[in-house]
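Heavy-atom basis, side chains included; hydrogens, waters and symmetry copies ignored.
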Amino acid sequence: VAAILALVASALKPRQTANIQLEQMKSIMLSANIGEVNGQIDKKANFKKLYEQHITDTYVIDANGDKVQGVDAFGVDLKAQYTAIKNGGELTLPVYKCKLDDGSTVTILPCYGAGLWGAIWGYLSVEADGQTVHGAIFSHASETPGLGGEIAEPWFYNQFDGNLLRDAAGQFSSIKIVKGGAGDDPNGVDAISGATITSRSLQTTIGQWMNYYKQILGE
């Protein structure tokens, strides 16, 4: 039985890997609002094709914002980078350049951290001005449905569109997830009611990763 299970697992691994890669492409595209219809995921979209059409460049940076040669951005383990951020290890952070249908380019940046019950992660796309969030998407391993799990819903992550990563003085300011509502704060979005820990954890996650990425924004 063990031999049969091992054989089946080995045979299915290429398909599982392909599915994981497709899901990654899907998230990257959705963070740039590509593959959506009226703010919702287009179930008919071919995300592999969209990724190949729109991603014009990929690379990785280190903690100083310098490009690292010889590393495939798409293959970077985000969980390993999260551990490196926590422990002060060597970083190789992925960067994706995406050309939109109107000819403009956005920079897509991932983030990964710890939620209430497990991992949370996502992607933000930033416009050429280096401060305006064009789009975002988030997901999770095991946050509570109807509460923290709402970070993966369009109503939540669509709030990030148009928000800013700089304050009125032009200094870097990551996105704030505000309990009780962000109002007109250009750096803030509304927190999820009843999911304070997940909201706070996502804010910390975004802030940690964007603190490194700010060095390349607006380049």
Checklist entry - Under 3.5 Å, side chain of Ser104 to main-chain N/O of Leu100, donor-acceptor pair present? => result no
Checklist entry - Got a second to check how far Glu127's CD is from Leu217's CG, nearest 0.5 Å? => result 11.5 Å
Checklist entry - Within the distance-only criterion (no hydrogens, no angle test), does the side chain of Thr92 pair as donor or acceptor with the backbone N or O of Val60 below 3.5 angstrom? => result no
Checklist entry - Looking only at heavy atoms, which two atoms of Pro110 and Pro94 are closest? And how far apart? => result CD-O, 3.3 Å
Checklist entry - Is there a path of hydrophobic side-chain contacts, each under 4.5 Å between heavy atoms of I, L, V, M, F, W or Y residues, that connects Val178 with Leu147? => result no
Next on the checklist: Rounded at 0.5 Å granularity, tell me how far CD in Gln203 sits from OG1 in Thr198.
Outcome noted: 13.0 Å
Item to check | Same apolar cluster: Phe172 and Val95, side chain cutoff 4.5 Å | outcome: yes
Checklist entry - Can you tell me if Ser199 uses its side chain to pair, donor with acceptor, with the backbone of Ile192 under 3.5 Å? => result yes
Item to check | Leu22, CG: over 12 other non-hydrogen atoms inside 6.0 angstrom | outcome: yes
Checklist entry - Asp161 and Asn33: side-chain contact (heavy atoms from CB on, under 4.5 Å), yes or no, with the steps? => result CA-CA 9 Å; Asp161 296 13; Asn33 297 324; 3.4 Å; yes
Checklist outcome for this item: One should read off an interatomic distance between Leu109 CG and Tyr96 OH, to the nearest 0.5 angstrom, of 10.5 Å
Checklist entry - What about Phe74 and Tyr51, are their ring centers closer than 6.0 Å? => result yes
Checklist entry - From Tyr157 OH over to Leu124 CG, what is the distance, rounded to the nearest 0.5 angstrom? => result 12.5 Å
Next on the checklist: Could you walk me through whether Gln81 and Leu91 satisfy the side-chain contact (heavy atoms from CB on, under 4.5 Å) test, starting with their C-alpha distance in whole Å, then the side-chain angles of each, then the deciding distance to 0.1 Å, before giving a yes or no?
Outcome noted: CA-CA 6 Å; Gln81 301 313 303; Leu91 298 180; 4.0 Å; yes
Checklist entry - Are side-chain heavy atoms of Ile197 and Trp117 found at a separation under 4.5 Å? => result no
Checklist outcome for this item: Tightest non-hydrogen contact, residues Asn64 and Gln215, listed as O-OE1, 3.1 Å
Next on the checklist: Rounded to the nearest 0.5 Å, what separates atom CG in Asp185 from atom NZ in Lys176?
Outcome noted: 4.0 Å
Checklist entry - Mind checking whether Ile216 and Ile175 sit in one hydrophobic cluster, side chains of I, L, V, M, F, W, Y counted as touching below 4.5 Å? => result yes
Checklist entry - Same cluster for Trp121 and Phe156 if Ile/Leu/Val/Met/Phe/Trp/Tyr side chains link at under 4.5 Å? => result yes
Checklist entry - When the ring centroid of Phe160 is compared with that of Phe138, is the distance short of 6.0 Å? => result yes
Item to check | Audit row: Phe47, Ile41, side-chain contact (heavy atoms from CB on, under 4.5 Å) steps and yes/no | outcome: CA-CA 11 Å; Phe47 285 99; Ile41 299 172; 4.2 Å; yes
Item to check | Close side-chain approach of Gln171 and Arg166, heavy atoms under 4.5 Å | outcome: no
Checklist entry - Do the side chain of Asn87 and the main chain of Gly89 share a donor and acceptor less than 3.5 angstrom apart? => result no
Checklist entry - Would you find a donor on one side and an acceptor on the other, under 3.5 Å apart, between the side chain of Ser125 and the backbone of Ser31? => result yes
Next on the checklist: Side-chain heavy atoms nearer than 4.5 Å, only ILVMFWY residues, links allowed to pass through others: does that put Val76 and Met25 together?
Outcome noted: no
Checklist entry - Any side-chain donor paired with an acceptor under 3.5 Å for Trp155 and Glu150? => result yes
Checklist entry - Would the number of heavy atoms belonging to other residues, nucleotides or ligands and lying under 6.0 Å from CG of Asp184 be above 12? => result no
Next on the checklist: Measuring only between side-chain heavy atoms, which start at C-beta, is Tyr112 closer than 4.5 Å to Asp77?
Outcome noted: no
Next on the checklist: Quick check on Glu52: does its CD atom have over 12 non-hydrogen neighbours (other residues, nucleotides or ligands) under 6.0 Å away?
Outcome noted: yes
Item to check | For Cys98, the option from Ile28, Ile34, Leu50 that meets side-chain contact (heavy atoms from CB on, under 4.5 Å) | outcome: Ile34
Next on the checklist: Using every non-hydrogen atom in the two residues, find where Ile108 and Ala32 come nearest and quote the distance to one decimal.
Outcome noted: CD1-CB, 4.0 Å
Item to check | Check against side-chain contact (heavy atoms from CB on, under 4.5 Å), Gln131 and Val126 | outcome: CA-CA 6 Å; Gln131 67 171 343; Val126 183; 5.8 Å; no
Checklist entry - What pair of heavy atoms forms the shortest contact from Gly39 to Pro154, and how long is it? => result O-CB, 3.5 Å
Checklist entry - Could you give the distance from CG (Asn187) to CG (Asn163), rounded to the nearest 0.5 Å? => result 7.5 Å
Next on the checklist: With a 3.5 Å distance limit and no angle check, can you tell me whether Asp190 reaches the backbone of Ala182 through a side-chain donor-acceptor pair?
Outcome noted: yes
Item to check | Donor on one side chain, acceptor on other, Lys97 and Thr107, under 3.5 Å | outcome: yes
Checklist outcome for this item: Shortest non-hydrogen pair, Cys111 vs Ile206, comes out as SG-CG1, 4.1 Å
Item to check | Heavy-atom pair of closest approach, residues Ile120 and Glu143 | outcome: CG2-CG, 4.0 Å
